Asks: 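Encoded as structure tokens, here's the structure I'll be asking about.
Ligands are counted one by one from 1 in listed order, and the atoms in each one are counted from 1 as well. These figures come from a predicted structure and were not determined experimentally.
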Amino acid sequence: MPGLRLRVPHESDFGSRLRSPAVAARVGLWLGICFLIAFLTGVYSHLAQAAYPWFPVPTQPSWTYRVTQGLHVAAGTAAVPLLLIKLWSVFPKFFARPPWRRRRALVLHGLERASVGVLVAAAIFQLASGLANVGHWYPWAFSFVATHYAVGWIALGALLVHVAVKLPVITQALGRDLEDTELDRPNLAADAPGLSRRGLLQTALIAATLAVVSTAGSTVPALRRISVFGVRSGQGPQGIPINRSAAAARVETAALAGDFALTVVHGDRQLRLTTAQLAAMPQHTAVLPIACVEGWSATGEWTGVRVRDLVALLDAPPESAVLVRSLQERGAYRGSRLPANYVADDQTLLALRLGGEPLSLDHGYPCRIIAPNRPGVLQTKWVSMIEVEL
Ligand SMILES: Nc1nc2c(c(=O)[nH]1)N[C@H]1C(S)=C(S)[C@@H](COP(=O)(O)O)O[C@H]1N2
Ligand SMILES: [Mo]
């Protein structure tokens, strides 16, 4: 083709004044807030799941994890349109020519570019992998949990470097009027008619709000009806969504077997309790949410035996921690640990019933753990054994 000549564009080829520090700094600020919320709630989620002895997670208020994890996913969702607009607004910089002749400036330029590269890659990775996880879509071989957590720290580090490097421009841009053109790239024509900066920022906010409102029904009951893109918006047997079904966990036969009995172990003593024996013990009811790491949550009225009472049957010290095992033979969530403060809580139950009826098979029949302020992944279903930690 005679007319076609490939040429790398130059920064000055992008004529719009919408692509300006005034816009980039403002959208960047909102994006930074979203990332900070996602980072802090993500670290909290990690600590709640890891249960390090040096970070005891309180059991009350029982809704903490529901709120932090709902915020985590909402902040990530809002960040998607904001990140796209932010990248668009700074895109011309991608084609800025490095200051080849000045050594010091060149080094600084290179470092700045490298940190931006890490930040952009980490940000895209976090949002894409997080959304894929919410959708139960794992088109990769690495462990989502470990990788998403590690890249979170990388993103935070790159974000801090980026803000530090850009601080002079950020403070100048935020201190000036939105329409001020002083900081714009040189030689831009006067504003062309069309979308204004204010219009672009409003669009960004509307897009972020729409993204959140159309998904947050997964955890905010008032939004259930309008959250058309919400994953698992409150549907499921007994009014609560199912994450892994009994069939998927391959526990159907064992859970429905007539001779099921729960084993409680303390050192060399052990006890086997049939479902009827469990039901004959003092029953307690707690209204508690299942709050999944994927951001959805739903409240149920659970009835069953206090884990504390089970531990007491074997004369174990009341401040014991316990290990929980399920009938499931494979999978990361087939067991969990209840730290001592969880065992001690009145609301920590081995639930037999949900909403007044026996647990459905998919909710963990014959019995499951339900405890206050606990990540969903640790609310072990189809419990077969409770072992006091020595
Ligand atoms: N044995 C077992 N228990 C499990 C799981 C599992 O895969 N296996 N999934 C967990 C996860 S990720 C969540 S969010 C909750 C969901 O409980 P539900 O299906 O009753 O809503 O169960 C938890 N308990
Ligand atoms: Mo979950």
Asks: Quick check on contacts: which atoms of ligand 1 are under 4.0 angstrom from a heavy atom of W382?
Replies: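 Those of ligand 1 that fall under 4.0 Å from W382 are 1 (N), 2 (C), 8 (N).
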Asks: Please state which protein non-hydrogen atom is closest to atom 19 (O) of ligand 1 and give its distance, to 0.1 Å?
Replies: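 Of the protein heavy atoms, K381 NZ, 2.5 Å lies nearest.
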Asks: Would you mind telling me if ligand 1 is within reach of the side chain of I240, the backbone, both or neither, using heavy atoms under 4.0 Å?
Replies: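 Just the side chain.
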Asks: Would a single hydrophobic cluster contain both L201 and L87, if residues Ile, Leu, Val, Met, Phe, Trp and Tyr are joined by side-chain heavy-atom contacts under 4.5 Å?
Replies: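 Hydrophobic grouping puts L87 with L201.
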Asks: Counting heavy atoms only, name the option from R325, R368, Q238 that's nearest to atom 17 (O) of ligand 1.
Replies: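 When every heavy atom of R325, R368, Q238 is considered, R368 comes closest to atom 17 (O) of ligand 1.
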Asks: Can you find an N or O of R334 that's nearer than 3.5 Å to an N or O of ligand 1?
Replies: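 Not met; the criterion fails.
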Asks: Which residue holds the protein heavy atom closest to atom 16 (C) of ligand 1, what is that atom called, and what is the gap in Å?
Replies: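 In this structure, atom 16 (C) of ligand 1 has I290 CG2, 3.8 Å as its nearest protein heavy atom.
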Asks: Between D345 and R308, does at least one N-O distance fall below 4.0 Å, as a salt bridge requires?
Replies: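 No, no charged N to carboxylate O under 4.0 Å.
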Asks: State the atoms of ligand 1, each with its element, that fall below the 4.0 Å cut-off from a heavy-atom position in N243.
Replies: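 Listed by number with element, the hits are 12 (S), 14 (S), 19 (O).
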Asks: Taking the inter-plane angle between the rings of F95 and F91 on a 0 to 90° scale, is it parallel (under 30°), tilted (30 to 60°) or perpendicular (over 60°)?
Replies: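 Ring orientation of F95 relative to F91: perpendicular.
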Asks: Just checking F142 against F125, ring centres under 6.0 Å apart?
Replies: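 Yes, ring centres under 6.0 Å apart.
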Asks: Could you find the nearest protein heavy atom to atom 8 (N) of ligand 1 and give me its residue, atom name and distance?
Replies: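 It is Q328 OE1, 2.6 Å.
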Asks: What residue and atom, counting heavy atoms only, is the protein's closest point to atom 9 (N) of ligand 1, and at what distance?
Replies: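 Of the protein heavy atoms, Y333 CB, 4.3 Å lies nearest.
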Asks: Determine, for R334 against E329, whether the closest basic-nitrogen to carboxylate-oxygen distance falls under 4.0 angstrom.
Replies: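 Salt bridge between R334 and E329, a charged N being under 4.0 Å from a carboxylate O: no.
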Asks: Would you please test Y44 and Y149 for ring pair (Phe, Tyr, Trp, His ring centres under 6.0 Å) and show each step?
Replies: CA-CA 11 Å; Y44 176 73; Y149 181 60; over 10 Å; no
Asks: Between the candidates G300, P375, C292, which shows the shortest non-hydrogen contact distance to atom 14 (S) of ligand 1?
Replies: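 Looking at heavy atoms only, the winner is C292.
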Asks: Identify which of A248, S384, G376 has a heavy atom lying nearest to atom 10 (C) of ligand 1.
Replies: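 Nearest heavy atom to atom 10 (C) of ligand 1 lies in G376.
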Asks: Would V293 end up clustered with W137 when hydrophobic side chains under 4.5 Å apart are linked, directly or stepwise?
Replies: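 No, V293 and W137 fall in different hydrophobic clusters.
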Asks: Which atoms of ligand 1 are found less than 4.0 Å from any heavy atom of W296?
Replies: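 Atoms satisfying the 4.0 Å criterion: 14 (S), 21 (O).
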Asks: Applying side chain to side chain contact (heavy atoms under 4.5 Å, CB included) to W63 and N373, what does each step give before you reach the verdict?
Replies: CA-CA 6 Å; W63 41 260; N373 186 25; over 6 Å; no
Asks: Are any of the N or O atoms of H363 closer than 3.5 Å to those of ligand 1?
Replies: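 In this structure, H363 places an N or O atom under 3.5 Å from an N or O of ligand 1.
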Asks: Please confirm whether P241 approaches ligand 1 to less than 4.0 Å, judged on its heavy atoms.
Replies: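 For ligand 1, residue contact (heavy atoms, under 4.0 Å) with P241 is present.
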Asks: Decide side-chain hydrogen bond (donor to acceptor under 3.5 Å, both in side chains) for R353 and T303; before the verdict, give the C-alpha distance in whole Å, the side-chain angles of both, and the deciding distance to 0.1 Å.
Replies: CA-CA 5 Å; R353 305 174 81 81; T303 304; 5.8 Å; no
Asks: Any heavy-atom pair between the side chains of L159 and F39 that's under 4.5 Å?
Replies: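 Sidechains of L159 and F39: no contact.
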Asks: Within a distance under 4.0 Å of any heavy atom of S326, pick out the atoms of ligand 1 and give their elements.
Replies: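 By the 4.0 Å cutoff, the relevant atoms are 1 (N).
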Asks: Using 4.0 Å as the upper bound for N to carboxylate O, is an ion pair formed by R197 and D184?
Replies: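 Salt bridge between D184 and R197, a charged N being under 4.0 Å from a carboxylate O: yes.
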Asks: Give a yes/no on ligand 1: does E294 have at least one heavy atom closer than 4.0 angstrom to it?
Replies: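 Heavy atoms of E294 never come under 4.0 Å of ligand 1.
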Asks: Quick check: does Q379 get an N/O under 3.5 Å from an N/O on ligand 1?
Replies: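 Right, the criterion is met.
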